[in-house]
Asker: 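Below: one structure in structure tokens.
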Amino acid sequence: MELKIVSRFRAAVTKWYDDPWMTELEIRIFLMNEYQIGETQAYRDIPKIKYLFGNVNFTSKEFYRMRANKLIEKARREIDDAESNLEVNKLCFTGWNSGIIGPDVSCVFP
């Protein structure tokens, strides 16, 4: 019995880490489908999982917020160090962005 619970918790946490934007409803559905448990048991498992492993959604959002702040700070420093307006435009589209947010327009700039 305890092995099943540990396995269920481990699977839920792994699933949540794979997709940190999953809602509690999606985790509940996953637990019910994967382990053939009832809705009530799945709802009881979620707070226990959060207690044992932390709130995955909150932690992930904080991580991405921190990462975005670092990218913005890096871009600001590079723009401050740029020598010309053309260099600033090039940095905005290719230098710090690396194609994550917008298209790579490096072919536009010589």
Asker: Restricting to side-chain hydrogen bond (donor to acceptor under 3.5 Å, both in side chains), what partner residues turn up for Glu39, sequence neighbours left out?
Answerer: none
Asker: What distance separates Ile37 CD1 from Arg44 CZ, expressed to the nearest 0.5 Å?
Answerer: 10.5 Å
Asker: Looking at Gly38 and Met32, what are the two nearest heavy atoms and their distance?
Answerer: O-CG, 4.0 Å
Asker: For the pair Lys50 and Glu24, evaluate salt bridge (charged side-chain N to carboxylate O under 4.0 Å, His left out) and give the outcome as yes or no after the intermediate values.
Answerer: CA-CA 10 Å; Lys50 283 184 172 183; Glu24 289 184 9; 2.2 Å; yes
Asker: Calculate, to the nearest 0.5 Å, the distance between atoms OG1 and CZ belonging to Thr40 and Arg28 respectively.
Answerer: 9.5 Å
Asker: Which atom pairs, one a donor and one an acceptor, fall under 3.5 Å between side chains of residues 4-11 and the rest of the protein, sequence neighbours left out?
Answerer:
| from | atom 1 | to | atom 2 | distance (Å) |
| --- | --- | --- | --- | --- |
| Arg8 | NE | Asp45 | OD2 | 2.5 |
| Arg8 | NH2 | Asp45 | OD1 | 3.4 |
| Arg8 | NH2 | Asp45 | OD2 | 3.2 |

Asker: Partners of Ile29 by side-chain contact (heavy atoms from CB on, under 4.5 Å), sequence neighbours excluded?
Answerer: Leu25, Asn33
Asker: So which atom in Ile27 and which in Ala12 form the shortest heavy-atom distance, rounded to 0.1 Å?
Answerer: CD1-O, 4.1 Å
Asker: Would you indicate whether the side-chain heavy atoms of Ile46 and Trp16 approach each other to under 4.5 Å?
Answerer: yes
Asker: Test of understanding: clusters of I, L, V, M, F, W, Y form through side-chain heavy atoms closer than 4.5 Å, transitively. Do Tyr35 and Val13 belong to the same one?
Answerer: yes
Asker: How far apart are the C-alpha atoms of Met22 and Asp19, what are their side-chain angles, what is the distance that settles it, and do they pass the side chain to side chain contact (heavy atoms under 4.5 Å, CB included) test?
Answerer: CA-CA 6 Å; Met22 287 182 80; Asp19 184 6; 3.3 Å; yes
Asker: Kindly work out whether a path of hydrophobic side-chain contacts (I/L/V/M/F/W/Y, heavy atoms less than 4.5 Å apart) joins Tyr43 to Leu52.
Answerer: no
Asker: Hey, is CG on Leu3 packed in by over 12 heavy atoms from elsewhere, all under 6.0 Å?
Answerer: no
Asker: Could you pull out the closest heavy-atom pair between Glu26 and Trp21, with the gap in Å?
Answerer: OE1-O, 4.3 Å
Asker: Go through the structure and list residues passing salt bridge (charged side-chain N to carboxylate O under 4.0 Å, His left out) with Glu73, not counting sequence neighbours.
Answerer: Arg76, Arg77
